Number of protein chains: 2
Amino acid sequence: MSEDTENLPIGRVSEATGMSVHALRFFEREGLFLREIPRSGGGQRIYQQADVDWLVLCNRLRASGMPIATIRKFAELIRSGPGNEPDRLALLQEHEQNVQAKIDELQACLGVIHTKVVIYEQHVQDGTAAGLWAPAPQQTSPQCQTPVPR
Amino acid sequence: MSEDTENLPIGRVSEATGMSVHALRFFEREGLFLREIPRSGGGQRIYQQADVDWLVLCNRLRASGMPIATIRKFAELIRSGPGNEPDRLALLQEHEQNVQAKIDELQACLGVIHTKVVIYEQHVQDGTAAGLWAPAPQQTSPQCQTPVPR
DNA sequence: CTAAAACCTAGAGTGCGCGCTAGGTCAAGG
DNA sequence: CCTTGACCTAGCGCGCACTCTAGGTTTTAG
C-alpha cells in the first residue's frame with residue numbers, strides 16, 4: 001500500500017535526497033542517522049521515509065555551514081531519547097545565530113563587491129583608467145577584521 | 001615621512017590584514033599578488049600599502065566564497081594591464097551573483113532552522129513530545145534540490 | 001535460469017586552504 | 001660583537017567531507 005515511500009533501497013534515497021550513495025554510507029559510518037538502518041537478508045540497507053526526512057534536514061544544516069561533528073551531536077541528542085530537548089534547542093539556536101552572522105558578513109562583502117562592479121561599469125562605459133583595483137572608497141584606515149558589527 | 005605604511009615587512013602586513021605570514025607567502029607562491037613583491041638586500045619581502053589594500057579586497061572575496069583559483073584569474077587580468085576591463089567586470093559580476101545566490105540559500109535554510117527552533121521552544125515550554133525532529137511542516141512532497149528558485 | 005543492475009565492505013584518494021617543520025639567514029638593540 | 005627575534009626556502013601534513021576503486025554479493029527483469 002504505502003510501499004511507495006517505505007522500504008527504500010539506497011539508490012532511491014540517493015535520488016530523493018540528492019546525495020550520492022557514497023555520502024549516504026559515509027553518513028552511516030559517521031553515526032549521523034537517528035537509528036541503526038536495518039538490512040535485508042542479503043545485507044542491503046532498507047530505509048524509511050523518516051530517514052529521508054532527517055537527511056533533508058541534514059542537508060539544510062550542512063548547506064548552512066553546520067559541520068558534520070555538530071550534526072552528529074544533534075543526532076546523538078535525539079537518539080538518546082526525550083529529556084534533552086533544551087540541549088537540542090540550544091544547539092539549533094546557536095546555529096541559527098551563526099547562519100545569521102554569515103548572512104550579515106556576506107551582505108557586507110556583497111556591498112564591497114557591488115561597489116567594485118559599479119566602478120568597473122563606469123570605467124568600461126567611458127574609458128577611464130585610474131587605480132581601478134583599489135579596494136574601496138577608503139585608503140587610510142587599517143581596520144577590516146569584523147566588517148559588520150551588527 | 002610616509003614610511004608608516006610603506007616598506008612594510010611581512011610581519012606588519014600580517015598584522016594589518018589579519019593573515020598569517022604563512023598565508024602571505026602562500027599567496028605569493030600562488031601568484032595572487034598584482035606584482036612581484038620586491039626584496040631587501042637580504043631577500044626579505046618589502047610590501048607597500050597598495051599590496052595591503054589588495055589583500056583586504058582578497059579577504060572580502062575569499063570571505064564571500066571566491067576560490068583561490070578565481071582570485072588568481074582576477075589578479076592575472078589586472079597584471080596584464082589595461083584593456084581587459086570588461087573581463088574583470090564579468091568576473092566580478094558573476095561572483096556578485098554567486099554571493100547573492102548564497103545569501104538566498106542561507107535565508108531559506110534560516111527559515112527552516114527557525115521553524116525548528118520555534119517548535120522546540122514550544123515543546124520545551126509545555127512538555128509536549130511528538131515527532132520533534134521532523135524536518136518541517138511537510139512530509140509527502142519529495143522535492144528539496146534547489147530550495148529557493150528565485 | 002540468466003544476465004544486468006544495484007548493492008555490499010574496506011580502504012585509499014581528492015581538493016582546498018592553509019599550517020607547520022627543518023634548517024638556516026638577516027637586521028637591530030645593547 | 002653578539003644575541004635575539006623576525007625572516008627566508010622547500011616541502012610535507014592536515015582536516016573536512018566526501019569520492020572513488022577493487023573485488024565481491026544480492027536483487028530483479030526478462
Side-chain angles (χ1 to χ4, degrees), chain A residues 3-4 6-33 36-48 51-52 54-75 95 98 102 105 109, chain B residues 3 7-33 36-48 51-52 55 57-75 95 98 102 105 109:
Chain A
E3 302 194 351
D4 212 8
E6 302 292 312
N7 298 329
L8 306 161
I10 198 168
R12 301 191 81 82
V13 175
S14 173
E15 285 169 27
T17 60
M19 302 168 72
S20 72
V21 295
H22 296 300
L24 291 171
R25 292 194 276 243
F26 169 78
F27 263 51
E28 189 173 323
R29 275 203 302 278
E30 296 292 309
L32 303 179
F33 280 96
E36 300 257 303
I37 302 299
R39 306 302 180 101
S40 74
Q44 309 200 184
R45 292 167 179 84
I46 304 173
Y47 298 88
Q48 302 296 328
D51 302 312
V52 173
W54 166 247
L55 287 171
V56 169
L57 175 59
C58 285
N59 284 343
R60 292 293 198 170
L61 295 174
R62 285 282 310 119
S64 53
M66 182 181 286
I68 292 291
T70 307
I71 296 182
R72 177 161 43 228
K73 273 188 211 163
F74 189 42
H95 184 59
N98 292 344
K102 185 71 183 171
E105 189 186 359
C109 293
Chain B
E3 304 195 348
N7 298 329
L8 307 161
I10 198 168
R12 299 193 80 83
V13 175
S14 173
E15 284 170 28
T17 61
M19 302 168 73
S20 72
V21 294
H22 295 299
L24 291 171
R25 292 194 276 243
F26 169 77
F27 263 52
E28 188 172 324
R29 275 204 301 280
E30 296 293 310
L32 303 179
F33 280 94
E36 301 257 303
I37 303 299
R39 307 305 176 102
S40 74
Q44 310 200 185
R45 291 166 178 83
I46 305 173
Y47 299 88
Q48 302 296 328
D51 302 312
V52 173
L55 287 171
L57 175 60
C58 285
N59 284 343
R60 291 293 198 169
L61 296 174
R62 287 277 311 116
S64 53
M66 181 181 286
I68 294 290
T70 307
I71 296 182
R72 178 161 42 229
K73 271 188 213 163
F74 189 41
H95 184 59
N98 292 343
K102 185 70 185 170
E105 188 186 0
C109 293

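Chain letters run A, B, ... following the sequence lines, proteins first, then strands; residues in each count from 1. None of these values were measured; they are calculated from a predicted model.
Stem analysis of DNA chain C (at least three stacked-register Watson-Crick or G-U pairs, each with both distances under 3.5 Å) gives C:1-30 with D:1-30.
Contact annotation: the side chain of B:Ile10 never approaches that of B:Gln44 to less than 4.5 Å [non-hydrogen atoms, C-beta and beyond]. Using a 4.5 Å cut-off on side-chain heavy atoms (C-beta onward), B:Glu36 and B:Glu28 make no contact. Inter-residue side-chain proximity for A:Leu24 and A:Tyr47 is flagged as met; some heavy-atom pair is nearer than 4.5 Å. Proximity of A:Glu30 to A:Phe26: side-chain heavy atoms (C-beta onward) are separated by under 4.5 Å at one or more points. Looking at heavy atoms from C-beta onward, A:Arg62 lies in side-chain contact with A:Ile68 at the 4.5 angstrom threshold. Inter-residue side-chain proximity for B:Leu8 and B:Gln48 is flagged as unmet; no heavy-atom pair is nearer than 4.5 Å. Between A:Thr17 and A:Val52, some side-chain heavy-atom pair lies under the 4.5 Å cut-off.
Side-chain contact check for A:Thr70 and A:His95: no donor-acceptor pair (N or O, by modelled atom type) lies under 3.5 Å.
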Test salt bridge (Lys or Arg N to Asp or Glu O under 4.0 Å) on A:Glu105 and B:Lys102 and set out the steps. CA-CA 12 Å; A:Glu105 189 186 359; B:Lys102 185 70 185 170; over 6 Å; no

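With sequence neighbours left out, B:Phe27 forms a ring-ring contact (aromatic ring centres under 6.0 Å, His included) with no residue at all.
Within a heavy-atom distance below 4.0 Å of DNA chain C, the residues of residues 62-73 of chain B found are B:Arg62, B:Pro67, B:Ile68. Annotation: proximity of residues 22-32 of chain B to DNA chain C (heavy atom, distance under 4.0 Å) is found for B:His22, B:Ala23, B:Phe26, numbered in ascending order.
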Using a 4.0 Å heavy-atom cut-off to protein, can you give one letter per nucleotide of nucleotides 25-30 of chain C, 5' to 3': B if the base is in contact, S if only the sugar-phosphate is, - if neither? -SS---

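A nucleotide of DNA chain D counts as in contact with chain A when one of its atoms lies under 4.0 Å from a heavy atom; the first and last such, 5' to 3', are D:dA17 to D:dT27.
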